[in-house]
Amino acid sequence: MKDAAGPGARIRVVLVEPREPRNVGAAARAMKNFGLEELVLVNPERPLDEAAYRLATRGASDVLERARTVATLDEALSGSVYVVATSARAREGYAGEVCTPREGAPRVRAMTAEGPVALLFGRENFGLSNEEMDRAHAVWRIPTGGYASLNLAQAVLLVAYEVFLARGELLETARPRPAAAEELERLFADLETYLTQIHYTDEHRLEGAMRAFRRMAHRALLSSNEVQRLRGLLRQSRWAIAHGGERVD
């Protein structure tokens, strides 16, 4: 399958709470270098200014002009069928599959055939929170030579470059379109309620348990129909617990 819509079609760069407009401008320039043009800013600390456009240069000013500013990560991820979080730091217990940008870029290209893909980048001072990382199907760890602090624009440039190199032939897939990010979050909310109701774990270990279930769901790339079936199973199970096991129509 050819990437006929262009090398950056359906790939959304999401900057979470960026602090400096000039960093956003430099990130826009990095995007434009490698064919990515959809930029979403989640609750930026300051609005775009002259410095942002100066760092973007005239060639990438259109990326800034079209950039969307939203209040929440939910809005930024709306409609996405595949989410990648980026990090230069080693952490324990990621909900998504961990790989390098080079290893993960072909998957991103393949998933654009199914719908929008979101690439998440965190704050300049401390990156993405654990809760934000939990939203990702995959976590791309950017290898470094020991000093893991990357400038925001540097991180965008490295990721955009690897995604650009993976253009061309897309993997054929016979599976249904994956569930959108918001559909998965509704499933996880139902599952958390269910796990609490059946005393599967306690409140201190619930976060870790949910992260493990998120990891399974992200790896499975559940379809919308599969998500609905699982939510139906959870609803029926809760009803059966409350009503002595009788079936609800």
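Along the sequence shown, residues are numbered consecutively beginning with 1. As the structure is a prediction and not an experimental result, all values here were calculated from the model.
Tested against Leu120 for a side-chain contact (heavy atoms from CB on, under 4.5 Å), the candidates Val84, Thr86, Leu77 yield a single pass: Leu77. Between Leu221 and the options Glu114, Met111, Glu226, a side-chain contact (heavy atoms from CB on, under 4.5 Å) holds for only Met111.
Across every non-hydrogen atom of Val63 and Ala28, the tightest pair is CG1-CB, 3.9 Å. Gly79 approaches Pro116 most closely through the heavy-atom pair O-CD, 3.5 Å. When every heavy atom of Glu162 is checked against every heavy atom of Pro101, the shortest pair comes out as CG-CB, 3.8 Å. Nearest heavy-atom pair, Thr69 versus Pro44, reported as atom, atom and distance to 0.1 Å: CG2-CD, 3.6 Å. Between Ala153 and Ala27 the shortest heavy-atom distance is CB-N, 3.8 Å. Across all their heavy atoms, Pro47 and Pro21 have their closest contact at O-CG, 3.4 Å.
Using modelled atom types and a 3.5 Å distance limit, the side chains of Asn225 and Arg229 yield a donor-acceptor pair. Glu75 and Ser78 share no side-chain donor-acceptor pair at under 3.5 Å. No hydrogens or angles considered: nothing links the side chains of Ser224 and Arg177 as a donor-acceptor pair under 3.5 Å.
One hydrophobic cluster, built from ILVMFWY side chains closer than 4.5 Å, holds both Leu184 and Leu206. Under the 4.5 Å side-chain heavy-atom criterion for Ile, Leu, Val, Met, Phe, Trp and Tyr, Val227 and Met216 are members of the same hydrophobic cluster.
Aromatic ring pairs are classed by plane angle as parallel below 30°, tilted from 30° to 60° and perpendicular above 60°; the pair Phe34 and Tyr161 is perpendicular.
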Set out, in order, the CA-CA distance, both residues' side-chain angles and the distance that settles side chain to side chain contact (heavy atoms under 4.5 Å, CB included) for Glu185 and Phe188, then state yes or no.
CA-CA 5 Å; Glu185 287 308 303; Phe188 294 139; 3.7 Å; yes
Could you walk me through whether Ile142 and Thr100 pass the side chain to side chain contact (heavy atoms under 4.5 Å, CB included) check?
CA-CA 6 Å; Ile142 301 174; Thr100 66; over 6 Å; no
For Arg22 and Asp49, run salt bridge (Lys or Arg N to Asp or Glu O under 4.0 Å): C-alpha distance rounded to whole Å, both residues' side-chain angles, the deciding distance at 0.1 Å, then the answer.
CA-CA 8 Å; Arg22 60 184 179 178; Asp49 57 16; over 6 Å; no
Between Arg219 and Glu97, does the salt bridge (Lys or Arg N to Asp or Glu O under 4.0 Å) criterion hold? Intermediate values first, please.
CA-CA 7 Å; Arg219 287 176 177 172; Glu97 178 184 10; 5.9 Å; no
Going through the checks in order, is the side chain to side chain contact (heavy atoms under 4.5 Å, CB included) test met by Leu64 and Leu39?
CA-CA 7 Å; Leu64 294 183; Leu39 176 62; 4.1 Å; yes
Any chance you could lay out the side chain to side chain contact (heavy atoms under 4.5 Å, CB included) test for Leu234 and Leu187, step after step, and finish with the verdict?
CA-CA 9 Å; Leu234 294 173; Leu187 169 63; 4.1 Å; yes
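The backbone N or O of Val83 lies less than 3.5 Å from a partner atom in the side chain of His137, making a donor-acceptor pair. Although no hydrogens or angles enter the test, the distance criterion places no donor-acceptor pair under 3.5 Å between the side chain of Arg123 and the main chain of Glu17. Judged by distance alone, the side chain of Gln236 and the main-chain N or O of Leu233 form no donor-acceptor pair under 3.5 Å.
Annotation: the span from Leu15 atom CG to Leu119 atom CG amounts to 10.0 Å, rounded to 0.5 Å. We find the OG-CD distance between Ser80 and Glu182 to be 7.5 Å, quoted to the nearest 0.5 Å. We find the CZ-NZ distance between Arg58 and Lys32 to be 13.0 Å, quoted to the nearest 0.5 Å.
Under the rule for a salt bridge (Lys or Arg N to Asp or Glu O under 4.0 Å), the partners of Arg66 that lie at least two apart in sequence or sit in another chain are Glu37, Asp62.
Put simply, the side chain of Ser87 does not reach to within 4.5 Å of the side chain of Leu128, judged on heavy atoms. Side-chain atoms of Asp134 and Met210, non-hydrogen and from C-beta on, never get closer than 4.5 Å to each other. Contact check for Arg29 versus Leu55: no side-chain heavy atoms found under the 4.5 Å cut-off. Residues Trp140 and Cys99 form a side-chain contact, since some pair of their non-hydrogen atoms from C-beta on lies under 4.5 Å apart. Side chains of Val139 and Met133 form a contact here, defined as non-hydrogen atoms less than 4.5 Å apart. Contact check for Glu38 versus Met31: no side-chain heavy atoms found under the 4.5 Å cut-off. The side-chain heavy atoms of Leu41 and Leu48, taken from C-beta on, include a pair separated by under 4.5 Å. Residues Phe121 and Val14 are not in side-chain contact: their nearest non-hydrogen atoms beyond the backbone lie 4.5 Å or more apart.
Arg215 CZ: more than 12 foreign heavy atoms inside a 6.0 Å radius. Phe213 CZ: more than 12 foreign heavy atoms inside a 6.0 Å radius.
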For residues 191-200, tabulate all N or O donor-acceptor pairs below 3.5 Å that involve a side-chain atom, not counting sequence neighbours.
unit_1, atom_1, unit_2, atom_2, d
Thr193, OG1, Ala189, O, 3.1
Thr196, OG1, Glu192, O, 2.9

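Comment: Glu124 does not engage Arg19 in a salt bridge, judged by the lack of any side-chain N to carboxylate O separation of less than 4.0 angstrom.
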